Amino acid sequence: MKIDLKQIGRSSFGLGTFFLASAPAISILFIIISIIISSLKRKKNYFNDQWNYPFFISGLLMIICCLTEQLKSSNEKLEYLNSINSWIGLANWIPLFFCFWALQPYLILKEDRRRCALYFICGCVPVLITGFGQYWFNWYGPFELFNGLIIWFQRPIISNGGLSGLFNNANYAGALLTMVLPFVLAASYQKNLSLIKRTIVIIINMMVIIAIVLTNSRNAWLGLFISIPLLIGSFRFLISTFSGISIIFASIKLYDWLKEFLISFLPAIWIDNFDISLITSDARVLIFKNSIKYIIERPFLGHGGSGFGEIYRFRSQCTFGYCYDHSHNLPMELALKYGVITSIVISSSVGILVYLGYKKITFKDNNIKYSFSENLFDKAWVVSAIIILTSHMVDIQYFDIRISLFSWILLAGIKELIMEENKFKKIAFKE
């Protein structure tokens, strides 16, 4: 009996995307299998694709940064940097640069991307169930399966906290749910769905929206408001049931936050002179200011993989009694750790890729026309990427493998979307 490696690879990739949110260790195992198969069966090698060049160069620059720090004498090394952490930090980037290339064969066609999107939707159901259980029924853990292979963090919700479900942090849960939301919205407009299937999709849709609101993550709320107009792009759809309810529900939460903000902030504006320190003393602003200062200190090779958190703690600059582990801006974090050049290369490459994807889905440079529903899943890929890029301008969820791997799968799908015009007869794998 002949073994069909291509089908094994596709099945492994599907299982990997399905388990990504709830069981990342199992997901990574399946993803690795799919990567090995695709790497062996690809018609073209890694360096035949020019999109790989900037990420390959960035990986080399990161390694040079770590080597430079490692080879320094003990007298030259900065006391707060841990060279081991610098090498460990490379795992957040270099393997995922390779994933970007190796996973593209599974996302070539429109149907491939639609199927992957549906796996993502199904995979987020455990996040929803555990999140609602945590928020309304006091399901607390953490829960462990298979001797710690799978750990679900079900922590009590602290004051002003929000739904986090099986995640360690409500912002991470919110980030993943907002990345999935465009796909759920797209699924709602699929043609030829039976009444039962459409009802299930709408229920999941509403559950995702409610869960996003309950995270109390302002980044997630922003993603909620971005996703609907970017994806639907028409007033008649904006007033559809699910989007209308979501806007009303989110507005109530946003109103509460704005009211608290205005009560504490406006009096200072109208009483005597407005003190600019009200803005410059904000924790996020102070973090950005310090990050820029650290980048200027070592602009070319950065401070190493430990980066912002180690420097911040060593210099006793913890803001309001709290020490932050990152700079809350991903391009800034890259510059701080691995230098400005590395940050520019990666950030610009990702930005160009997403821009070209957005340009493609607007049909401005595309002779192939699709109906609204046929193109909606591809639009969802680009909108999801825009949401996570926007979120990473004011926070960083990237260092959770579920978010980072999801992000690079999105980029791989967008790259295939851009190159799709001549791919209706294309075969990615060698026979």
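Since this is a predicted model, take the numbers as computed values, not measurements.
Thr130 and Gln134 share no side-chain donor-acceptor pair at under 3.5 Å. The closest side-chain donor-acceptor pair between Asn138 and Tyr140 falls under 3.5 angstrom. For the residue pair Arg155/Asn168, the side-chain donor-acceptor check at 3.5 Å is satisfied. If you check the side chains of Arg114 and Gln190, you find a donor sitting under 3.5 Å from an acceptor. Asn171 and Ser217 share a side-chain donor-acceptor pair at under 3.5 Å.
A donor-acceptor pair under 3.5 Å links the side-chain atoms of Tyr398 to the main chain of Asn92, judged by distance alone. When atom types are taken as modelled, the side chain of Thr17 and the backbone of Gly14 share a donor-acceptor pair closer than 3.5 angstrom. In terms of modelled atom types and a separation under 3.5 Å, the side chain of Ser27 and the main chain of Ala23 share no donor-acceptor contact. At distances below 3.5 Å, not a single donor-acceptor pair connects side-chain atoms of Arg402 with backbone N or O atoms of Leu176. Under a 3.5 Å cut-off, the side chain of Asp395 and the backbone N or O of His328 do not form any donor-acceptor pair. At distances below 3.5 Å, not a single donor-acceptor pair connects side-chain atoms of Asn205 with backbone N or O atoms of Ile202. In this structure, Ser188 contributes its side chain and Val184 its backbone to a donor-acceptor pair below 3.5 Å. With hydrogens and angles disregarded, a donor-acceptor distance shorter than 3.5 Å links the side chain of Ser34 to the backbone of Ile31. At least one donor-acceptor pair under 3.5 Å links the side chain of Lys360 to the backbone N or O of Leu417. Under the 3.5 Å distance criterion, the side-chain polar atoms of Arg113 are matched with a main-chain donor or acceptor of Ile108.
Residues Ile344 and Val340 have side chains in contact (heavy-atom distance under 4.5 Å, counting atoms from C-beta outward). Between Leu222 and Ile387, the closest side-chain pair of non-hydrogen atoms is not below 4.5 Å. For the pair Gln397 and Asn219, the minimum side-chain heavy-atom distance is below 4.5 Å. Using a 4.5 Å heavy-atom cutoff, the side chains of Ile346 and Met62 are in contact. Side chains of Lys110 and Asn375 form a contact here, defined as non-hydrogen atoms less than 4.5 Å apart. A 4.5 Å side-chain heavy-atom check between Leu107 and Ile409 finds at least one atom pair inside the cut-off. Looking at Ile35 and Cys99, their side chains come closer than 4.5 Å, going by heavy atoms from C-beta outward. Proximity of Thr342 to Lys337: side-chain heavy atoms (C-beta onward) are nowhere separated by under 4.5 Å.
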Should Phe167 and Trp152 be marked as a ring-ring contact (aromatic ring centres under 6.0 Å, His included) after you check the CA-CA gap, both sets of side-chain angles, and the distance that decides it?
-> CA-CA 7 Å; Phe167 280 82; Trp152 289 0; over 10 Å; no
Could you please spell out the steps behind the side chain to side chain contact (heavy atoms under 4.5 Å, CB included) verdict for Met179 and Ser407?
-> CA-CA 9 Å; Met179 292 170 76; Ser407 300; 3.7 Å; yes
Please assess Phe47 against Phe56 for the test ring-ring contact (aromatic ring centres under 6.0 Å, His included), listing each intermediate value before the final yes or no.
-> CA-CA 9 Å; Phe47 293 103; Phe56 180 78; 5.0 Å; yes
Verify side chain to side chain contact (heavy atoms under 4.5 Å, CB included) between Tyr106 and Asp112, making sure each step is shown before the conclusion.
-> CA-CA 6 Å; Tyr106 305 114; Asp112 296 331; over 6 Å; no
Test log, rule side chain to side chain contact (heavy atoms under 4.5 Å, CB included), inputs Ser164 and Tyr172 | CA-CA 8 Å; Ser164 60; Tyr172 290 5; over 6 Å; no
List the steps, then state whether side chain to side chain contact (heavy atoms under 4.5 Å, CB included) holds for Val382 with Asp378.
-> CA-CA 7 Å; Val382 179; Asp378 277 347; over 6 Å; no
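Using cut-offs of 30° and 60° on the angle between ring planes, the pair Trp381 and Phe183 is perpendicular. Ring geometry for Phe399 against Trp93 counts as perpendicular: the plane angle is over 60°, on a 0 to 90° scale with 30° as the lower cut. Taking the six-membered ring where the residue is Trp, Phe132 and Trp136 present parallel rings, their angle staying beneath 30° rather than reaching 60°.
Atoms SG and CG, on Cys124 and Leu20 in that order, are 11.5 Å from each other to the nearest 0.5 Å. Summarising the geometry, atom CG belonging to Leu334 is positioned 10.0 Å from atom NE2 belonging to His392; distances are rounded to the nearest 0.5 Å. Between atom CG of residue Leu230 and atom OG of residue Ser384 there is a gap of 11.5 Å, rounded to the nearest 0.5 Å. Rounding to the nearest 0.5 Å places CD1 of Ile8 at 12.0 Å from CD1 of Ile36. Separation of atoms CG (Leu128) and CE (Met207) is listed at 4.5 Å; rounding is to 0.5 Å. One distance of note links CD1 of Ile401 with CD1 of Ile28; it measures 4.5 Å at 0.5 Å rounding.
Ser38 and Ala102 make their closest contact through OG-O, 2.6 Å (heavy atoms, listed as atom of the first residue, atom of the second, distance). The two residues Leu166 and Gln154 come nearest to each other via the heavy atoms N-OE1, 3.2 Å. Listed here is the closest heavy atom pair of Ile121 and Ala187: CD1-CB, 4.0 Å. Across every non-hydrogen atom of Ile150 and Ile26, the tightest pair is CD1-CD1, 3.5 Å. In this structure, Leu61 and Ile341 approach most closely via the heavy-atom pair CD1-CG2, 4.0 Å. Of all heavy-atom pairs spanning Ala380 and Ala186, the tightest one is CB-CB, 4.2 Å.
For Gln50, the CD atom is loosely surrounded, since the number of other residues' heavy atoms within 6.0 Å does not exceed 12. Heavy atoms of other residues, nucleotides or ligands lying less than 6.0 angstrom from OH of Tyr355 number 12 at most. In the displayed structure, Asn192 atom CG is contacted under 6.0 Å by at most 12 heavy atoms of other residues, nucleotides or ligands.
One finds no salt bridge joining Lys44 and Asp49 here, because no Lys/Arg side-chain nitrogen approaches an Asp/Glu carboxylate oxygen to under 4.0 Å.
Of the candidates Trp101, Phe100, Phe98, Phe55 forms a ring pair (Phe, Tyr, Trp, His ring centres under 6.0 Å) with just one, namely Phe100.
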